[in-house]
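What follows is a short report on a single structure.
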2 protein chains.
Amino acid sequence: MAGNPQKTPALKPSVPKGDAGENPCAACQVREHAVCGALTLPELASFGGAMKDIQLDAGDHLVDEGEVEQFVFSVTSGCLKSFKLMPDGRRQIIGFVFPGDFVGLAKSDAYPSSVEAITPATLCRMNRRELDKMSDSIPNLDRRLHDMASEALAEVQGQLLLLGRKTAQERVATFLMMLSRRATERGMAPNPIDVPMSRDDIGDFLGLTTETVSRTFSRLRKDGLIGGDKDRKIEILDEEGLSDIADGF
Amino acid sequence: MAGNPQKTPALKPSVPKGDAGENPCAACQVREHAVCGALTLPELASFGGAMKDIQLDAGDHLVDEGEVEQFVFSVTSGCLKSFKLMPDGRRQIIGFVFPGDFVGLAKSDAYPSSVEAITPATLCRMNRRELDKMSDSIPNLDRRLHDMASEALAEVQGQLLLLGRKTAQERVATFLMMLSRRATERGMAPNPIDVPMSRDDIGDFLGLTTETVSRTFSRLRKDGLIGGDKDRKIEILDEEGLSDIADGF
DNA sequence: CGTCGCGTTGATTTTGCTCAAGATGGGTGG
DNA sequence: CCACCCATCTTGAGCAAAATCAACGCGACG
């Protein structure tokens with residue numbers, strides 16, 4: 001069960017000590033933002049019963065691209081990355097996975113990408129088959145899954161524009177605005193931004209090299225758009241300016 | 001109603017003359033591949049009753065990014081493109097839309113991208129609201145929509161890898177393999193490939209310029225991987241070689 | 001105290017873009 | 001039916017943005 005302190009969790013673990021045994025999900029910090037937010041308390045009880053808590057250390061891998069999709073996951077704390085690899089090692093990070101996010105939205109036989117923990121993380125795990133069954137009998141759950149898939153689909157379209165047409169500076173600015181917006185949606189401070197991933201990861205997400213990402217951060221810093229990078233936190237100094245760069249104005 | 005001959009439809013229009021009035025959908029050529037394939041004949045009748053046939057000429061625009069998502073569409077013939085624009089005119093084509101494809105999979109308030117016809121096209125149009133209602137009462141329909149969204153999500157992840165990490169040659173090779181595979185899925189010949197879109201469109205899809213696309217085709221032709229480009233058709237001469245380039249081997 | 005991973009910065013190279021000029025070919029009107 | 005026109009495509013030359021190659025700083029950790 002979750003409950004052990006992690007080194008750098010983005011949110012508290014889902015099950016505070018002492019609550020386990022009754023309905024751990026009722027106390028989950030990210031429930032509202034997760035799939036589970038669609039469920040009534042009784043539904044939540046049976047749903048939670050089918051869940052197994054998982055803990056990962058930084059660097060642990062959760063699933064492999066191509067592997068049979070036996071499980072789906074709902075993240076309760078930490079940060080993960082979803083990525084694809086090419087035979088020669090080139091890597092594209094498909095997305096960063098935060099608390100409340102769901103791994104396995106795209107129903108398919110095999111995982112379309114690998115997933116690995118960036119920070120220590122806690123997740124709830126469920127059998128794909130079991131989720132499908134529940135989704136058949138709980139319309140709200142089904143709707144929530146469909147809505148989350150829709151949102152993911154809309155969001156990834158923005159990423160296509162970024163990778164296909166934006167400059168390095170625009171990509172990095174977009175990335176920062178994205179992190180800031182996500183933090184706000186999760187009820188966290190939009191500024192300074194928590195940036196738990198390495199320059200390498202950011203590069204593989206934005207279709208750039210580490211060096212270009214680093215240079216671009218330096219330039220944004222020199223131009224007074226962002227502040228220093230203390231403790232994996234970046235401060236946005238000129239939100240409007242950054243947003244204009246991000247959108248190509 | 002559909003039924004008039006088009007200049008260059010990829011498939012026959014959905015409603016052959018004479019069948020209209022009974023259950024036009026029953027005769028639809030692309031039904032099996034479209035949302036409608038999930039429906040029983042009685043369901044299909046009421047579903048089709050809520051549909052309005054639409055015809056577009058090449059260049060006609062169907063929906064605008066940001067516009068309220070009042071309608072959804074199922075394509076019955078022709079080819080369209082879905083795209084996003086930046087303030088300065090840079091364009092990213094999100095995807096090409098073929099017969100059987102659905103416009104509006106990502107349930108949201110506003111269309112996430114614009115859609116415009118590349119060739120003359122015919123579509124079935126339905127109110128978003130009405131589709132949602134039907135989807136609530138027909139589990140098979142709901143499941144089909146969810147499955148199609150899942151597939152779209154998985155496919156777009158491959159596009160992220162392409163745009164973020166592949167070379168020009170790899171992109172074009174991937175594009176051709178993609179077209180070939182799609183044709184096969186629709187029961188059409190995988191070779192030669194029908195390429196109804198302009199070099200410009202291909203460029204905006206692959207994150208390249210027209211010139212680079214053109215040069216890359218020339219190179220593939222010179223290297224004997226593909227044949228000439230007669231009548232918007234390209235022949236694959238070395239499928240394995242092309243596939244290896246596409247996948248980065 | 002040395003090592004290792006990560007980030008930054010600099011020098012050089014390369015890929016694909018930009019700018020420019022022809023080629024091609026379908027469509028239109030004389 | 002032919003000539004012209006305009007879109008689209010192709011090819012070439014030079015350029016620029018980002019990649020690559022390389023060196024170094026810095027903090028964490030053994």
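In what follows, every chain begins at residue 1, and chains take the letters A, B, ... in the order their sequences are listed.
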Starting at [atom1] of [X] and ending at [atom2] of [N], how long is that distance when rounded to a whole Å?
X: A:Lys230; N: C:dT8; atom1: NZ; atom2: P; value: 11 Å
X: A:Arg90; N: D:dA19; atom1: CZ; atom2: C1'; value: 13 Å
X: A:Phe217; N: C:dT8; atom1: CZ; atom2: P; value: 8 Å
X: A:Arg199; N: C:dC6; atom1: CZ; atom2: C1'; value: 9 Å
X: B:Lys222; N: D:dT10; atom1: NZ; atom2: P; value: 15 Å
X: A:Asp201; N: C:dG7; atom1: CG; atom2: C1'; value: 13 Å
X: B:Arg219; N: D:dC9; atom1: CZ; atom2: P; value: 21 Å

| said: Categorize A:Arg232 for me: base, sugar-phosphate, or nothing, with a 4.0 angstrom heavy-atom threshold over every strand shown. | reply: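 Result for A:Arg232 = sugar-phosphate.
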| query | At under 4.0 Å between heavy atoms, what does A:Arg221 touch on the DNA or RNA strands: base, sugar-phosphate, or nothing? | reply |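 Sugar-phosphate, no base atom in range.
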| Got a second to check how far B:Leu225's CG is from B:Phe217's CZ, nearest 0.5 Å? | 12.0 Å
| Counting distance only, does the side-chain N/O of B:Arg199 pair as donor-acceptor with the main-chain N or O of B:Glu211 below 3.5 Å? | no
| query | Within a reach of under 6.0 Å around CZ of B:Arg219, are more than 12 heavy atoms found that belong to other residues, nucleotides or ligands? | reply |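 Open.
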| said: Can you confirm whether more than 12 heavy atoms, excluding those of A:Glu239, are under 6.0 Å from its CD atom? | reply: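 No - once you tally the heavy atoms of other residues, nucleotides and ligands closer than 6.0 Å, there are 12 at most.
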Salt bridge flag under 4.0 Å for residues [X] and [Y]:
X: A:Arg186; Y: A:Asp101; value: yes
X: A:Arg181; Y: A:Glu185; value: yes
X: B:Arg182; Y: B:Asp194; value: no

| field | Interface with DNA chain C, restricted to residues 156-173 of chain A and to heavy atoms under 4.0 Å | value | none
| request: Mind listing the residues from residues 202-216 of chain B sitting with a heavy atom below 4.0 Å of DNA chain D? Number order is fine. | output: B:Glu211, B:Ser214, B:Arg215
